[in-house]
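A quick write-up on the structure given underneath.
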Amino acid sequence: MKKKILVTGGTGYIGSHTTVELIEEGFEPIIVDNLYNSEAVVVDRIQKITGVKPHLEVFDLCDREKLDRFIQKHNDISAVIHVAAYKAVGESVNKPLEYYRNNLLSLINLLEVMKRYGIPDLVFSSSCTVYGQPEKLPVTEDAPLQSATSPYGNTKQICESIIRDTTVSDKNIKAISLRYFNPIGAHPSALIGELPRGVPENLVPFLTQTGYGIREELKVFGNDYNTPDGSCIRDYLHVVDLAKAHVFAIKRLIEGKNKTNYEVFNLGTGKGVSVLEAIKSFERVSGIKLKYKIVGRRAGDIEKIWANPSYANKELGWKTLSSLDEAMKTAWDWEKMFRNNKL
């Protein structure tokens, strides 16, 4: 019998790719999503990729009563992958209360029903933002957490503390936090990918939208950072590689291979790439010269950060497989497929 895995936020960017990988590894994902930043039609696209249409229930995890009723109805859930959260750094600076309410309350409700209904395993979608601007690079899991530079980053730090404290107080709950760096790209089928509503907060959708002509020009936030070309440096990893890591983590918990009740893993390529280098990568794979201009720094942005993924490589048996150019090409293929209405 297939293990049933609850994927919160499963129609979103990371959640949808994770759902695909779960199906392909023999699990039965079930999705809860409020469709705040995604579309229900994504489950049909997942079916096109995998041959399986995952069950979707549309409601907000902040509604504890609806979550209770859902868990009572689906009382054979083995584990949870929690990807549902507001996630834009810049937006969180402008809307801090919305971010604290959504990101914290949804997790608290989830942990309470896990305890109440005996669901033992949780994989939490965390972020490298918990490190703030790290003192040493590349970043290892035991690097001290710096003061968060945005409300979004702070919610991830607080969420991790909530999970850690819960696993200490209740030995029946086991959890893994995946601190991932900057996911980019799309499924190679070009049937699912990143589709932000409104103006993109992340770099790559802005690149692809500018390349397609949706945006007139790209803004590069700052060229006066202490980096080789003055632009921010990030660790960009392919979203399919990231999705696979969630499956590795779920298997680790279900199979009881975790060393403690709460574990943390950094997910990245281990290579820093500047914004200007990312632009060049997109131009290489698309053959399009992008129009961009340098503007002032953006509130909440970190200067430079990239992962030391060796612990995840060793313990999870996971590693990134795709190059920057390969990830950019899938992002561009997805943008064209979506804009040309070929889905």
Side-chain angles (χ1 to χ4, degrees), residues 8-9 11-15 33-39 59-63 82-110 124-134 145-162 179-184 193-210 214-225 227 230-236 239 274-275 278-279 292-305:
T8 69
T11 59
Y13 177 43
I14 294 161
D33 204 306
N34 66 0
L35 305 182
Y36 170 80
N37 198 29
S38 61
E39 306 287 346
F59 68 90
D60 196 317
L61 290 170
C62 291
D63 188 329
H82 183 41
V83 196
Y86 295 166
K87 65 179 182 63
V89 169
E91 183 183 60
S92 77
V93 174
N94 297 321
K95 299 178 179 179
L97 293 178
E98 291 182 28
Y99 270 67
Y100 284 115
R101 180 185 180 278
N102 182 76
N103 292 4
L104 301 186
L105 185 56
S106 61
L107 173 67
I108 291 168
N109 285 348
L110 197 56
F124 175 62
S125 169
S126 191
S127 168
C128 68
T129 57
V130 300
Y131 295 114
Q133 179 57 65
L145 305 190
Q146 306 293 332
S147 295
T149 59
S150 69
Y152 164 72
N154 202 25
T155 66
K156 290 299 185 184
Q157 288 187 354
I158 296 168
C159 283
E160 284 201 20
S161 295
I162 292 170
R179 293 175 179 167
Y180 38 88
F181 284 62
N182 294 74
I184 62 169
E194 187 171 11
L195 187 65
R197 289 182 174 165
V199 179
E201 289 273 350
N202 295 334
L203 175 64
V204 174
F206 221 119
L207 292 179
T208 59
Q209 289 186 18
T210 304
I214 306 296
R215 306 287 163 192
E216 186 177 334
E217 67 179 1
L218 172 72
K219 293 177 181 176
V220 176
F221 295 102
N223 67 343
D224 57 349
Y225 287 101
T227 61
S231 65
C232 290
I233 290 178
R234 296 289 181 269
D235 188 339
Y236 297 102
V239 67
S274 75
V275 171
I279 291 171
Y292 66 88
K293 70 175 180 180
I294 308 295
V295 298
R297 295 185 181 190
R298 182 172 58 178
D301 271 348
I302 292 166
E303 180 172 86
K304 50 190 172 185
I305 187 167

Subject >> side-chain contact (heavy atoms from CB on, under 4.5 Å) between Val295 and Phe221, worked out >> reply: CA-CA 5 Å; Val295 298; Phe221 295 102; 3.5 Å; yes
Subject >> side-chain contact (heavy atoms from CB on, under 4.5 Å) evaluation trace for Ser38 with Asp33 >> reply: CA-CA 8 Å; Ser38 61; Asp33 204 306; 3.5 Å; yes
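Between Tyr131 and Leu145, the closest side-chain pair of non-hydrogen atoms falls below 4.5 Å. Using a 4.5 Å heavy-atom cutoff, the side chains of Glu194 and Val239 are not in contact. Within the 4.5 Å cutoff, the side chain of Tyr36 has no heavy atoms near those of the Asp60 side chain. Residues Arg297 and Tyr225 meet the side-chain proximity criterion, which asks for heavy atoms closer than 4.5 Å. Between Glu201 and Pro196, every side-chain heavy-atom pair lies at or beyond the 4.5 Å cut-off. By the 4.5 Å heavy-atom criterion applied to side chains, Asn37 and Tyr86 are not counted as neighbours. Between Leu195 and Tyr13 the shortest side-chain heavy-atom distance does not fall below 4.5 Å. Residues Pro200 and Arg215 form a side-chain contact, since some pair of their non-hydrogen atoms from C-beta on lies under 4.5 Å apart.
Judged by distance alone, the side chain of Glu303 and the main-chain N or O of Gln133 form no donor-acceptor pair under 3.5 Å. Judged by distance alone, the side chain of Thr149 and the main-chain N or O of Ile302 form no donor-acceptor pair under 3.5 Å. Judged by distance alone, with hydrogens and angles left aside, the side-chain atoms of Ser127 form no donor-acceptor pair with the main-chain N or O of Arg179 at under 3.5 Å. Judged purely by atom type and a 3.5 angstrom limit, Gln209 has no side-chain atom pairing as donor or acceptor with the backbone of Val199. Side chain of Gln157 to backbone of Val130: a donor-acceptor contact under 3.5 angstrom is found.
For the atom pair CG (Leu104) and OG (Ser161), the distance works out to 10.5 Å, reported to the nearest 0.5 Å. To the nearest 0.5 Å, atoms CG (Leu61) and CG (Leu110) are separated by 6.0 Å. Between the CG atom of Leu203 and the CG atom of Leu218 there is a distance of 6.5 Å, given to the nearest 0.5 Å. Distance check: Lys304 NZ to Ser274 OG gives 12.0 Å after rounding to the nearest 0.5 Å. If you take CZ on Arg234 and CG on Asn202, they are separated by 10.5 Å, rounding to the nearest 0.5 Å. Atom CG of residue Asn102 and atom CG of residue Leu107 lie 11.0 Å apart, to the nearest 0.5 angstrom.
Pairing each heavy atom of Ile305 with each of Gly132, the nearest pair is CD1-O, 4.0 Å. Considering every non-hydrogen atom in both Ile294 and Gly222, the closest pair reads CG2-C, 4.2 Å. What you find for Ser106 and Ala84 is that their closest heavy atoms are OG-O, 4.2 Å. Contact record, Val83 with Ser125: CA-CB, 3.8 Å, taken as the closest heavy-atom pair. Of all heavy-atom pairs spanning Val89 and Ala299, the tightest one is CG1-O, 4.3 Å. Across all their heavy atoms, Tyr99 and Ala88 have their closest contact at OH-N, 3.0 Å.
A salt bridge links Glu39 to Arg197: at least one charged side-chain nitrogen sits closer than 4.0 Å to a carboxylate oxygen.
With 3.5 Å as the limit, one finds no donor-acceptor pair spanning the side chains of Asn103 and Tyr152.
No more than 12 heavy atoms of other residues, nucleotides or ligands sit less than 6.0 Å from atom OH of Tyr292.
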